[in-house]
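Numbers for residues simply follow the sequence, beginning at 1. Here the structure is a predicted model, which means the values were calculated and not measured.
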Amino acid sequence: MNLQFIRYFVTLAEYKNFTKAAEKNFVVQSTFSAGIKKLEQELDCKLFYRDKRNVNLTKQGEILLPKAKELLALWNNVEVSFKENSNKTLKIGLLNTIHHTDAVVPVLKKFKELYEAYNFELIEDNQNELLERLKKQELDIIFIQDELIDDSLFSKQFVYEEKLDVMLCKTHELNNKSQLKLEELNNLPFIEHGNCVLNKQVLEAFEQQNLNLNVVFKANHSDMLTSLVGSNLGISLMAKPKTHSDTVVYVPLVDKEFKRNIISVWKTDNTSKELKCFLSV
C-alpha cells in the first residue's frame, strides 16, 4: 500500500472535493482519483459516496480516517527523528481573552499525541499584534476572534463559538436563577474584562435599555476576573468554561446575546510540514 494514497484519502475526507484535494496534493485530478480507487481496491471497500455535487465518507471511510491520520503521524515522526535540521517547533499565537482550556488545549493535546516529535511554543497577545507577528512569519498559526482578513495573505478556519454568560459569586442573591434578563444587572457592581472585545457591545446594550453599567473593577485576565467575582466584589460577563468552579456560577442571558466566533489563521504560503500536520488534527 502506498502512503501517498493514504494522504489522498485524508485530504479528500477534509475537502470533500476531488479538484481541491488534488490541488492540495500537487497532482492532476486523474492521478488523484486513480490513487483513491487503488486504495479502495486494496481495502476491498468503498470509502466515499460520490455524486455530481457531494463527496462524503462511507461508514468504512469514517472508521479508516482516524487510523489513517495515526499512520501518517507515525511516519512523520520517523522522518523528523532522522532529519537533524528539521524544524521541530510549531509557534502558536493565542488571543489573550479566549478560553484556551476549552477550545485550543484539546487540539494541542491531540497534536502532541499524534506528532510526538514536534514541540510547540505558545505566545499570548492581543489581536492586532498576533496578526502582525503572523504576517512577519514569527508565528505559524494563531487563534483569534473572527474578523475580515486579507484573503491574499491568510487562510482561516472556524474553531468554535464563544458566548458570554453572567458570572456570579455562588453566594450572590441571583445565583439560584436559571436565566437572567439584562435589566436585572442594572446598577449592580460590575467587573469588566479589560481585554474583551465585546465590551463595546455590552455597553451599547445597557445604553439602549437606559440601564447603568456600574463598573467598579477592571481585570485584564480571566483568572483575576474569576477571583474578584468569586469574592463577591461584583458580577461580570464571561464565557462559561467546561471546568467546574467552587466559587462562581454562570447564568445565561435570555434577552440578549453577546457572542463571537474564534478562528485559526495561518499564512496561505506557509507550506511547512509542522503546520500541515497541525491542520490535519
Going by the rule side chain to side chain donor-acceptor pair (under 3.5 Å), which residues pair with [X] if we only count those two or more places apart in sequence or in a different chain?
| X | value |
| --- | --- |
| Ser33 | none |
| Thr31 | none |
| Asp146 | Lys156 |

So which heavy atom on [X] is nearest to which on [Y], and how close?
| X | Y | result |
| --- | --- | --- |
| Val249 | Cys169 | CG2-O, 4.4 Å |
| Thr268 | Phe154 | OG1-C, 3.2 Å |
| Asn2 | Gln4 | OD1-N, 2.7 Å |
| Arg7 | Leu72 | CG-CD2, 3.6 Å |
| Lys135 | Leu153 | CE-CD1, 4.0 Å |
| Arg260 | Leu95 | NH1-CD2, 3.8 Å |

Okay, side chain of [X], backbone of [Y]: is any donor-acceptor separation there less than 3.5 Å?
| X | Y | answer |
| --- | --- | --- |
| His221 | Asp223 | no |
| Asn261 | Val159 | no |
| Ser245 | Thr247 | yes |

4.5 Å side-chain heavy-atom contact, [X] and [Y]:
| X | Y | answer |
| --- | --- | --- |
| Leu279 | Trp266 | yes |
| Val265 | Leu134 | yes |
| Leu57 | Leu65 | yes |
| Phe190 | Leu237 | yes |
| Thr226 | Met167 | yes |
| Ile63 | Lys67 | yes |
| Ile92 | Ile142 | no |
| Leu64 | Leu47 | yes |

Can you tell me how far apart [atom1] ([X]) and [atom2] ([Y]) are? Round to the nearest 0.5 Å.
| X | Y | atom1 | atom2 | answer |
| --- | --- | --- | --- | --- |
| Leu71 | Leu3 | CG | CG | 5.5 Å |
| Glu62 | Thr58 | CD | OG1 | 7.5 Å |
| Lys91 | Glu274 | NZ | CD | 10.5 Å |
| Arg133 | Leu131 | CZ | CG | 12.0 Å |
| Gln179 | Glu184 | CD | CD | 9.0 Å |
| Phe143 | Gln127 | CZ | CD | 13.5 Å |

State plainly whether one hydrophobic cluster holds both [X] and [Y], where clusters connect Ile, Leu, Val, Met, Phe, Trp and Tyr through side-chain heavy atoms under 4.5 angstrom apart.
| X | Y | answer |
| --- | --- | --- |
| Tyr49 | Leu12 | no |
| Tyr15 | Ile6 | no |
| Val216 | Met238 | yes |
| Leu94 | Ile123 | yes |
| Leu122 | Leu275 | yes |

Is the Phe32 ring parallel, tilted or perpendicular to the Phe18 ring (thresholds 30°, 60°)?
->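 Geometry flag for Phe18 against Phe32: perpendicular rings.
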
Would you say the side chains of [X] and [Y] form a donor-acceptor pair under 3.5 Å?
| X | Y | value |
| --- | --- | --- |
| Glu183 | Gln209 | no |
| Ser264 | Gln157 | no |
| Lys276 | Asn270 | no |
| Thr11 | Asn25 | yes |
| Asn212 | Asn186 | no |

Derivation and outcome, ring pair (Phe, Tyr, Trp, His ring centres under 6.0 Å), residues Phe9 and Phe48 = CA-CA 9 Å; Phe9 165 73; Phe48 296 95; 5.5 Å; yes

What's the verdict on salt bridge (Lys or Arg N to Asp or Glu O under 4.0 Å) for Arg50 and Glu40, showing C-alpha distance, side-chain angles and the deciding distance?
-> CA-CA 13 Å; Arg50 311 162 203 176; Glu40 290 180 324; 2.7 Å; yes

Would you please test Phe120 and Leu108 for side chain to side chain contact (heavy atoms under 4.5 Å, CB included) and show each step?
-> CA-CA 8 Å; Phe120 48 79; Leu108 301 181; 3.8 Å; yes

Side chain to side chain contact (heavy atoms under 4.5 Å, CB included) assessment of Tyr250 paired with Val166 = CA-CA 5 Å; Tyr250 294 83; Val166 182; over 6 Å; no

Of Asn214, Leu253, Leu211, Leu213, the residue whose pairing with Leu185 passes side chain to side chain contact (heavy atoms under 4.5 Å, CB included) =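 One option only clears the test, and that one is Leu253.
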
Can you confirm whether more than 12 heavy atoms, excluding those of [X], are under 6.0 Å from its [atom1] atom?
| X | atom1 | answer |
| --- | --- | --- |
| Asn187 | CG | yes |
| Lys267 | NZ | yes |
| Lys38 | NZ | no |

